[in-house]
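Step one of this worksheet: look at the structure below.
Every value quoted in this text rests on a predicted model; they were computed, and no experiment measured them. Reminder, nothing fancy here: chain letters follow the sequence lines and each chain counts from 1.
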Amino acid sequence: MNLNVTWAEAWIREGARVIAEHRAELNTLDRAIGDGDHGENMDRGFQAVVLKLDALPAGSTPGDVLKLVATTLISTVGGASGPLFGTAFLKAAVAVGTVGDLDAAAVAALIAAARDGIVLRGKAVVGDKTMIDAWTPAVDAAAAARNADASVVTLLQQAADAAAAGAVSTEPLVAHKGRASYLGERAIGHRDPGAESTTLLLRAAAETAARA
Amino acid sequence: MNLNVTWAEAWIREGARVIAEHRAELNTLDRAIGDGDHGENMDRGFQAVVLKLDALPAGSTPGDVLKLVATTLISTVGGASGPLFGTAFLKAAVAVGTVGDLDAAAVAALIAAARDGIVLRGKAVVGDKTMIDAWTPAVDAAAAARNADASVVTLLQQAADAAAAGAVSTEPLVAHKGRASYLGERAIGHRDPGAESTTLLLRAAAETAARA
Amino acid sequence: MKKLINDPKNVVTEAVAGFAVAHPDLVRVSLDPIYIVRADAPVAGKVGIVSGGGSGHEPMHGGLVGVGMLDAAVPGAVFTSPTPDPILAATQAVDGGAGVLHIVKNYTGDVLNFETAADLALAEGIEVASVIINDDVAVKDSLYTAGRRGVAGTVLVEKIAGAAAERGDDLASVAAVAEKVNASVRSMGVALTPCVVPHAGKPSFTLADDEIEIGIGIHGEPGRERIKMEPADAIVDRLLGPILEDLPFASGDKVLLFVNGMGGTPQVELYVVFRRAAEALAEQGIDVTRTLVGNFTTSLEMQGMSISVLKLDDELTTLWDAPVATAALRWGR
Amino acid sequence: MKKLINDPKNVVTEAVAGFAVAHPDLVRVSLDPIYIVRADAPVAGKVGIVSGGGSGHEPMHGGLVGVGMLDAAVPGAVFTSPTPDPILAATQAVDGGAGVLHIVKNYTGDVLNFETAADLALAEGIEVASVIINDDVAVKDSLYTAGRRGVAGTVLVEKIAGAAAERGDDLASVAAVAEKVNASVRSMGVALTPCVVPHAGKPSFTLADDEIEIGIGIHGEPGRERIKMEPADAIVDRLLGPILEDLPFASGDKVLLFVNGMGGTPQVELYVVFRRAAEALAEQGIDVTRTLVGNFTTSLEMQGMSISVLKLDDELTTLWDAPVATAALRWGR
Ligand SMILES: Nc1ncnc2c1ncn2[C@@H]1O[C@H](COP(=O)(O)OP(=O)(O)O)[C@@H](O)[C@H]1O
Ligand SMILES: Nc1ncnc2c1ncn2[C@@H]1O[C@H](COP(=O)(O)OP(=O)(O)O)[C@@H](O)[C@H]1O
Ligand SMILES: [Mg+2]
Ligand SMILES: [Mg+2]
Ligand SMILES: [Mg+2]
Ligand SMILES: [Mg+2]
């Protein structure tokens, strides 16, 4: 089974729903080691995305959906996460190109391109206590699933699981990027909000793929 | 028995002590229907008075003590109570003149002059929920005691008792003067701080007279 | 209570000392007796203008001393009117031979202490006129109160009277224009939180998490009415009602609209308030031709604001626009 | 949480709309995309200066738009950097043909969004230079952090760069003087209380009644160290230590001393702080030749303050003294 534009749209709508559902929780995570607005920022962006999706032209490709997500996040989120997630979706859109059906290889490439976009802008490495700590394990898990000829659904599930573990792995860390880096040792014990929202989005991708 | 400068000095020192002791209480009364500084104001003034008393020249009269209290209160208290108590002591000083020994008539005149000084400046009448509600009953009680040929000690005790009752009588009133007047009905149920400090001062006069 | 202070007894003195080092181009200060005068005081031939009152309302009045506004400010202890001595000393320090105007907010303590100081100044041969400011419509002016309080409208009186003095008006004229501003301005305030007087160490009143106090004074006195929290626009309308009725203001009037912060309210909120206030005036055909927004007449860290509306004519507008150079209000030089 | 707002989602828009009616002589605003520009923008032949960042720091930056300072300010949501679109629109609105300088506080979000906007502006043929402000010595600048934050020193950069642009310096020179100010200023802050972001409705952190947070940021981020409350003088000395060491400042230096309120601290306290800070510098032989005191870079209603010290030379002093006419900072016109 491949994933088409219907999935892409479903993914993003489901992502918007779970971000809204976890808005307060993301704010709380960000309040502990940042400025308390991560849920607010992401929710503002994804609500705007949903409105735009309602007007998605017929015949759009998964890449069109990703591009729309990218430009909307860039122009509505602000903060650090806006340009970072925006660039992620922009690079992901470029990676999938204009194909209508995404196979496991394409989805693995999508996730890798997204991660690379974030690194390009934010220069974080694994262990810096950022969203990269969720994205990079997800990229690796997707690559492994792809090599093991897993289905696209399995691939996404394993990526989401890896992201979730990656988000948890940020808890004992001192931060080296973003606002949490100002806190030094006091950041220890708190989960990175961007890693958590990354997990929510990848989980939404997997669940909508399973239903596709 | 008459009251001399030793009593006058003892009275004011005892007055300063009880004002200091009740500072927080007077602030609390004033916080309810004013701006919370009455204890602070009175204490600042009387502490300054005590310092000045330490340098009182030999041969001073009760009138000199009262004048010193007046000028010190005027120049250190501020607020409404500074000019009001200051004028009270100034007029009291004028009333007792330069005599060295105050008999009951002189003490009754002292209290009446003090009250008249306050009215001159503040234009309050009984029932306005001000210090006048303590002073005027004290003046009346002193006059009655004087007419009954009471001793100066008894006269002061009755004046102090009347002031205390007068202070209590302010509780159910709406205020027509001072900050409490801004509160309308909301002032009901609270005792006027200036009436309370008046009572403290007259009680100190009576107690030091009893010990003189 | 946490405050950036040392000994509470020294707050005012230390703040005034700090003010002197911060603004040597604008003011000089005396610490004993305590007052602030403009750097070039006394200005020969100019009417001197002195105001003052309890501290805790900064920048009023010290931050309003300078060319085109006050010649001197006399700060009392926090929320306590100053005694006559420093008022007299300040009056002497700014007397340039043309007399001195006392601008006094209508509180028993302020009125009595300035009265005594004026008597003493007169006795020393200084001509003194006094104007009592009572712009607060939250307090009913009747035989049964100490009369309306003076609140943020005082700042407008001081600016306009200061400009009149600066252009060389004589004492009677400066006093008359001050009276005119007082007669043409109405104010009312609201508190969201109380303030904490340093020596008291606890709030002057308490408000529940969903309560606000309408018609608040500037000394942490309770207001006239306690209501449930409302959206900003509703609160603005609630304050503007009594203000506009009182003068009354009418369609076609030109006004200065002044939104004053009580100290602890973020500026974004003051502008949210200003937006609605200007809109509400426009709805009534009242023309906002001059504006002022900011923390001018504060109550320490109190959250809240007051709205003042001043009816303008050409004279008042010209005087408002005249140059002023103080720590808190400055333009034209 | 009680705030003078309507719908939390509309706070910034309503405040900017209010700002426009309050200061029509100084600024014009656009509400969609949202930005504030000086009334006469674009000024032909003059370098345009754009700053911005999350809202909640007012008067920075909107209150600093005007002749001699910023050409435009771009407010994001509260404590959230603006997106590239309004930054681009503001950049276009102030481009007078001599290029535009972006003054950006060093936060990942601000840097990334301004970066994108600069790329877009460049693509439209507007020359853009960027200066990143990082004056906060509370954060160690190392490979292991996002680097120092930009805090109140930003105001000084904006004033001085604004004066350079106003006198006609070209883009490279204006950028260079901005860099020079950034390189010469050091800041550090303290919070006594947290602030409440409108949409959050609860404090960004909690502090016990006897605790203060040293090295606080301006977004309600916790600081580096939590200590017991101390007298103001001790707190001042605690902040000045790292500031003076860092540049380092030395005996004989001429400096501008800036005591900035975080929003909710009464002015008396800021001057108590200023007094000690000036005294402490004098003790080290450092000469305070220019001063600034007030709420400029705030964190909503947070109580606390920051101290900034800027090393001056003749050029910086002249540019500091040059006329400026904004809502929050004004002299000389
Ligand atoms: N340099 C970076 N690289 C990758 N991710 C980053 C970087 N800086 C911050 N982040 C992510 O951004 C998240 C914070 O986003 P958000 O709260 O929306 O923005 P802001 O920090 O501007 O308030 C962090 O939790 C972290 O995951
Ligand atoms: N017009 C007046 N006549 C008599 N007493 C007055 C008058 N106004 C105020 N007072 C008295 O002054 C007291 C308040 O004094 P204080 O708190 O020291 O001054 P302030 O009101 O200026 O803060 C009141 O409790 C009242 O007794
Ligand atoms: Mg954040
Ligand atoms: Mg009082
Ligand atoms: Mg008082
Ligand atoms: Mg943010």
Checking heavy atoms, do the side chain of [X], its backbone, both or neither come under 4.5 Å from chain D?
{"X": "C:R330", "result": "both"}
{"X": "C:E301", "result": "both"}
{"X": "C:L192", "result": "both"}
{"X": "C:L207", "result": "both"}
{"X": "C:V11", "result": "both"}

For [X], which atoms come within 4.5 Å of any heavy atom of chain C: side chain, backbone, both, or neither?
{"X": "D:A208", "answer": "backbone"}
{"X": "D:T298", "answer": "neither"}
{"X": "D:L257", "answer": "neither"}

So how far is it from [X] [atom1] to [Y] [atom2], rounded to the nearest 0.5 Å?
{"X": "C:L270", "Y": "D:F19", "atom1": "CG", "atom2": "CZ", "result": "12.0 Å"}
{"X": "D:D210", "Y": "C:M1", "atom1": "CG", "atom2": "CE", "result": "12.0 Å"}
{"X": "C:E58", "Y": "D:Y271", "atom1": "CD", "atom2": "OH", "result": "9.5 Å"}
{"X": "D:Q267", "Y": "C:L300", "atom1": "CD", "atom2": "CG", "result": "11.5 Å"}

Donor-acceptor contact present, side-chain [X] to main-chain [Y], <3.5 Å:
{"X": "D:K2", "Y": "C:E211", "answer": "yes"}
{"X": "C:N6", "Y": "D:D233", "answer": "yes"}
{"X": "D:E269", "Y": "C:L4", "answer": "yes"}

Run the ring-centre check on D:H23 versus C:F274 and record whether the distance is less than 6.0 Å.
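No, ring centres 6.0 Å or more apart.
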Mark yes when over 12 heavy atoms from residues, nucleotides or ligands other than D:R333 sit less than 6.0 Å from its CZ; otherwise mark no.
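Open: at most 12 neighbouring heavy atoms sit under 6.0 Å from CZ of D:R333.
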D:R28 CZ: over 12 foreign heavy atoms closer than 6.0 Å
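Result for CZ/D:R28: enclosed.
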May I ask you to name which of D:Q303, D:E230, D:M305 has the most heavy-atom pairs under 4.5 Å with chain C?
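Greatest number of close heavy-atom pairs with chain C: D:Q303.
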With chain D, which of C:A278, C:G263, C:P59 has the greatest number of heavy-atom pairs at distances under 4.5 Å?
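Top option by heavy-atom pairs under 4.5 Å: C:P59.
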Specify which of C:G63, C:G56, C:P231 makes the most heavy-atom pairs with chain D at under 4.5 Å.
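The answer is C:P231.
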Should C:I5 and D:V268 count as side-chain neighbours, where that means a heavy-atom distance under 4.5 Å?
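They are not in side-chain contact.
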